[in-house]
Amino acid sequence: MTALRHRLAERGIDRQLVLLLPALLCVLVLFVYPFAYGVGLSFQPSAGGALGAYKTFFEDPYQRDTIATTLGLALPAAFLNVAASVPIAYRMRGRFRGKRLMTTLLVVPITLGTVLTAEGLLNFLGPTGWFNRILPGDPIRLTNNYWGVFFSLVITGFPFAFLLILSYLSGIDPTLEKAAATLGAGWWQRFWRITLPLLAPGLATTFCLTFVLAFSVFPSAVLVGDPAGSTRVISIAAYHAGYEVYDYPLASAIAVVMGVVELAVVAVVLGLRALFYTGSYGGKG
């Protein structure tokens with residue numbers, strides 16, 4: 001028995017790994033099994049063969065166009081959140097008075113949730129909201145359309161992107177920039193040639209995570225968008241198929257397509273990261 005434990009320990013297997021069993025069981029029950037069940041269900045439509053549900057989705061423009069609609073919301077929102085987070089996090093990585101208060105204000109939208117954010121947008125940017133009341137002439141329509149959903153994704157996604165970028169920036173050794181400064185490099189040269197290349201892996205990871213969050217948009221598209229028209233995203237199509245039409249194979253097929261599109265975008269971004277950056281992915285030390 002002792003010899004067996006030694007052989008297992010040499011392979012990195014010890015008693016402490018038993019502590020991982022509950023977490024592994026939760027992953028299997030809550031994630032792996034539902035995913036596998038959904039994929040299997042997508043190949044069991046009532047008609048059209050094994051790929052009947054996928055054919056129904058891709059042959060119907062009203063369903064198929066939800067992919068482009070969702071990408072048209074998620075990609076710009078993720079890009080804007082990451083682009084806006086970089087200069088703010090770069091400025092806030094140092095120590096200054098009021099830093100904690102400023103950080104708290106920037107991440108407050110995380111605590112609000114999608115529903116409260118949507119309610120605030122309707123009260124502020126709606127046809128009778130505060131913004132339109134102070135404008136002369138006809139009100140500007142900024143809700144119940146593309147812009148309402150886009151603003152909601154930016155408001156709820158920015159704090160998440162900001163915290164990630166700030167953590168990545170904090171992991172970059174500040175002595176590198178100090179050394180460049182002693183050689184006469186300005187702040188822009190230091191940022192462009194030192195900080196940004198080291199931050200590139202973090203930017204790619206943050207973009208992927210914020211994109212996945214934005215791509216799964218559902219409440220915002222319903223509350224401050226046009227769920228039957230310009231903001232009918234793919235999650236709404238899946239919900240409609242599963243809980244209004246009760247076509248579970250079609251709903252599962254749409255969910256699978258949704259996952260494949262997300263994985264494709266993530267693979268492209270990570271591939272570009274590997275193409276443009278081949279250095280270390282670690283932080284300090």
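The analysis underlying the following values was restricted to heavy atoms, covering all of them including side chains, and did not include hydrogens, waters or symmetry mates.
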Verdict with supporting geometry, L223 and T143, side-chain contact (heavy atoms from CB on, under 4.5 Å): CA-CA 9 Å; L223 296 173; T143 57; over 6 Å; no
Looking only at heavy atoms, which two atoms of [X] and [Y] are closest? And how far apart?
X    : Y    : value
A238 : I254 : CB-CG2, 3.7 Å
A53  : A253 : CB-CB, 3.7 Å
I110 : F160 : CD1-N, 4.1 Å
T103 : M92  : OG1-CE, 3.1 Å
P249 : L41  : CB-O, 3.4 Å
S230 : D226 : N-OD2, 3.3 Å

Between [X] and [Y], is any pair of side-chain heavy atoms under 4.5 Å apart?
X    : Y    : result
L28  : Y33  : no
S85  : F158 : yes
L112 : T117 : yes
L125 : N132 : no
L80  : L153 : no
I236 : T231 : no
V257 : F58  : yes
V86  : F191 : yes

Do [X] side-chain atoms and [Y] backbone N/O form a donor-acceptor pair below 3.5 Å?
X    : Y    : value
D60  : T56  : no
T70  : I234 : yes
N145 : G148 : yes
Q63  : E59  : no
E244 : A241 : no
T206 : L203 : no
S220 : V217 : no
T156 : S152 : yes
D173 : L176 : no
R133 : T128 : yes

Distance-only donor-acceptor check, side chains Y90 and T195, under 3.5 Å: no
Any donor-acceptor N or O pair under 3.5 Å, side chains S42, S252: no
Indicate if [X] and [Y] have the same hydrophobic cluster label, given that clusters are the connected sets of ILVMFWY residues with side-chain heavy-atom separations under 4.5 angstrom.
X    : Y    : value
L122 : L135 : yes
Y37  : L25  : no
V233 : V212 : no
F215 : I155 : no
V256 : L51  : yes

Whether F150 and W147 hold their rings parallel, tilted or perpendicular, with breakpoints at 30° and 60°: perpendicular
Aromatic plane relationship, F124 with W130 - under 30° parallel, 30 to 60° tilted, over 60° perpendicular: perpendicular
Result of checking Y248, Y246, F218 against Y239 for ring-ring contact (aromatic ring centres under 6.0 Å, His included): F218
Would you compute the distance between atom [atom1] of [X] and atom [atom2] of [Y] and round it to the nearest 0.5 angstrom?
X    : Y    : atom1 : atom2 : value
N123 : L116 : CG    : CG    : 10.5 Å
L199 : L169 : CG    : CG    : 5.0 Å
R190 : L183 : CZ    : CG    : 11.0 Å
C208 : L263 : SG    : CG    : 10.5 Å
L250 : H240 : CG    : NE2   : 8.5 Å
T205 : L270 : OG1   : CG    : 6.5 Å

Derivation of the side-chain contact (heavy atoms from CB on, under 4.5 Å) call for S216 and M258: CA-CA 8 Å; S216 60; M258 184 177 178; 3.8 Å; yes
CA sep, side-chain torsions, deciding dist, call: V154, N81, side-chain contact (heavy atoms from CB on, under 4.5 Å): CA-CA 6 Å; V154 170; N81 283 330; 3.6 Å; yes
Cation-pi check, R232 onto Y62 ring (under 6.0 Å, within 45° of axis): yes
side-chain contact (heavy atoms from CB on, under 4.5 Å) assessment of V224 paired with N144: CA-CA 5 Å; V224 291; N144 300 115; 5.6 Å; no
Within 6.0 angstrom of R91 CZ, more than 12 heavy atoms from elsewhere: no
Proximity of F79 and F211 rings by center, below 6.0 Å: no
